[in-house]
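Please read the structure below before turning to the comments.
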Amino acid sequence: MRLLILLLVFPLLACSSSEPNADDDPSLPDFAEITTTSGDWTLSWSDEFETPGLPNEALWNYENGKIRNNEAQFYTTSRRDNARVEDGDLIITARKESWLGQADYTSASVTTRNRNHMTYGRIEIRAQLPTGNGMWPALWMLGENISEVGWPLCGEIDIMEYVGFDPNTIHANIHTRAFNHTQGTNKGDKITVSRPFDGYHVYAVEWFEDRIDFYVDDEPYFRFTKQADYGVEEWPFDAPHYLIMNIAVGGSWGGQQGIDDSIFPQEMRIDYVRVYDAAD
């Protein structure tokens, strides 16, 4: 489905725009207290990206334009140069090219908004990341009610964030009205993954009514826990969220050490997306 090309600018910016802030929040346990994934899940839906061409429009749509975080790219719509299914992968490509006189780079941001949303469960994505200064790929989620309540009250779950100038580090974050990067109160952590641009890794969250656990290759490294006194400003995670997969170029975090124009084009290859419900 081809969407109208719009230039969108959000006053509050989704996806973290600064180094994550993992503080002394009592909701964060010792890593030893986070058990590995139990496997007690029932597949709800998936995309294995087996049909070449554009992403399946029954499952995916696109963000369009210049969106957030002072990023340098223009997100295009239904354009194979930026998002295509090939060789069993969804390939999102960031390119150095002028676009509509509004940007010097193009990329894609594919989403399940108005297609599939999730409330609780396991969300699992197997992907190989781009690399180089200026790259800022992310696998993340926003509340479906963002148009009504805005960001960050809608909630944001960053399953995976990566910035090319820090090439062996994967980040996890959550953002809410009470806890977000614009206030320096966001909750998150990071894990060392050697050269995630050289091979595929599984990035996942397990989302429950009282906690969200973050994993790389089934290794847990961050938990955000709902406290007894939390309301919607601290925990907006009892409502549907949709998935976003994108490569940003530059921006307030990804561009902190500039953009290396010699690296383009850069790809994020996604082998599959699988969404599970709890078995019970």
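None of these values were measured; they are calculated from a predicted model.
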Find the distance between OH (Y75) and OG (S107) and round it off to the nearest 0.5 Å.
5.5 Å
Is there side-chain contact between I125 and M245, with heavy atoms separated by less than 4.5 Å?
yes
Is a side-chain N or O of Y162 found less than 3.5 angstrom from the main chain of P167, in a donor-acceptor match?
yes
Going by side chain to side chain contact (heavy atoms under 4.5 Å, CB included), M141 matches just one of I244, T112, I159. Which one?
I159
Other than L153, what residues sit in its cluster of Ile, Leu, Val, Met, Phe, Trp and Tyr side chains whose heavy atoms are under 4.5 Å apart, directly or through others?
V149, V232
Find out whether E206 and Y215 are in side-chain contact, i.e. whether some heavy atom of one side chain is under 4.5 Å from a heavy atom of the other.
yes
In terms of side-chain geometry, is the basic nitrogen of D158 or K190 positioned less than 4.0 Å from the acidic oxygen of its partner?
no
Show, in sequence, the C-alpha distance, side-chain angles and deciding distance for Y62 and L54, and conclude whether the side chain to side chain contact (heavy atoms under 4.5 Å, CB included) test is met.
CA-CA 11 Å; Y62 303 83; L54 292 172; 4.0 Å; yes
Option passing ring pair (Phe, Tyr, Trp, His ring centres under 6.0 Å) with W235 (candidates F208, W207, F224)
F224
Q227 CD to R211 CZ distance, which is reported to the nearest 0.5 Å
13.0 Å
I'd like to check E63 versus R68 (side-chain heavy atoms, cut-off strictly below 4.5 Å). Are they in contact?
yes
Distance alone, cut at 3.5 Å: any donor-acceptor contact between the side chains of T42 and D277?
no
I92 vs N246 side-chain heavy atoms within contact, under 4.5 Å:
no
From N133 CG over to S262 OG, what is the distance, rounded to the nearest 0.5 angstrom?
9.0 Å
Candidate list V249, T106, I259, test side chain to side chain contact (heavy atoms under 4.5 Å, CB included), partner Q73, passing option:
V249
W41 and Y120 aromatic centres sub-6.0 Å:
no
Side-chain donor/acceptor of H117 to backbone N/O of R115, under 3.5 Å
no
Kindly indicate whether a cation-pi arrangement holds for K187 with F179, taking the cut-offs as under 6.0 Å to the six-membered ring centre and within 45° of the axis.
yes
Hey, does the side chain of T185 reach the backbone of A178 with a donor-acceptor pair shorter than 3.5 angstrom?
yes
Is a side-chain donor or acceptor of R95 paired with a backbone partner of D81 at a separation under 3.5 angstrom?
yes
Pair D47-R274, side chain to side chain contact (heavy atoms under 4.5 Å, CB included): steps then yes or no
CA-CA 7 Å; D47 197 338; R274 296 173 184 167; over 6 Å; no
Taking side chain to side chain contact (heavy atoms under 4.5 Å, CB included) as the definition, give me every residue that meets it alongside D89, ordered by chain and number, with sequence neighbours left out.
I91, Y200, R269, D271
Remaining members of hydrophobic cluster (4.5 Å side-chain criterion), Y272
V202
Over all atoms of both residues, closest heavy-atom pair of Y230 and T225:
CE2-O, 3.6 Å
Spacing of I157 atom CD1 and I123 atom CD1 [to the nearest 0.5 Å]
6.5 Å
Tell me which pairs pass salt bridge (charged side-chain N to carboxylate O under 4.0 Å, His left out) where either residue lies in residues 253-266, with sequence neighbours left out.
none
Go through M118 and L243 one step at a time and tell me if the side chain to side chain contact (heavy atoms under 4.5 Å, CB included) criterion holds.
CA-CA 8 Å; M118 310 124 227; L243 178 65; 4.0 Å; yes
Are F264 and Y105 an aromatic pair, judged by ring center distance below 6.0 Å?
yes
Would a 4.5 Å heavy-atom cut-off, applied to side chains only, mark E124 and V273 as touching?
no
Those residues that, when tested against D238, pass salt bridge (Lys or Arg N to Asp or Glu O under 4.0 Å) (two or more places apart):
K226
Rounded distance (nearest 0.5 Å) linking atom CD1 of I191 with atom OG1 of T169
10.0 Å
Kindly compute the distance separating CH2 (W99) from OG1 (T76), expressed to the nearest 0.5 Å.
6.0 Å
Geometric class of the H171/W253 ring pair [parallel <30°, tilted 30-60°, perpendicular >60°]:
perpendicular
Would you say F165 and T131 make side-chain contact, with heavy atoms under 4.5 Å?
no
Short N-O contact, R79 and E97, less than 4.0 angstrom:
yes
Do I170 and P196 have side chains that get closer than 4.5 Å, going by heavy atoms?
yes
Do R84 and E267 sit within salt-bridge range, that is, some charged N less than 4.0 Å from a carboxylate O?
yes
Consider only side-chain N and O atoms of N116 and Y242, and report whether a donor and an acceptor are under 3.5 Å apart.
no
Under a plain distance cut-off of 3.5 Å, with no hydrogens placed, do N82 and T93 share a side-chain donor-acceptor pair?
no
Do E50 side-chain atoms and G88 backbone N/O form a donor-acceptor pair below 3.5 Å?
no
For the side chain of S46 and the backbone of E48, is there at least one donor-acceptor N/O pair under 3.5 Å apart?
no
T119: partners by side-chain hydrogen bond (donor to acceptor under 3.5 Å, both in side chains), with sequence neighbours left out:
none
Please tell me whether W136 and E71 have a donor and an acceptor in their side chains that are separated by less than 3.5 angstrom.
no
Checking side-chain polar atoms at under 3.5 Å, does N186 have a donor or acceptor matched by the opposite partner on H175?
no
Indicate whether any N or O donor in one side chain lies under 3.5 Å from an N or O acceptor in the other, for R113 and S147.
yes
Looking at R177 and E234, is there a salt bridge between them, counting it only when a charged N and a carboxylate O are closer than 4.0 Å?
no
Residue pair W140, H241: steps toward the ring-ring contact (aromatic ring centres under 6.0 Å, His included) verdict
CA-CA 10 Å; W140 54 299; H241 281 54; over 10 Å; no
So P130 and M135, do their side chains get closer than 4.5 Å, heavy atoms only?
yes
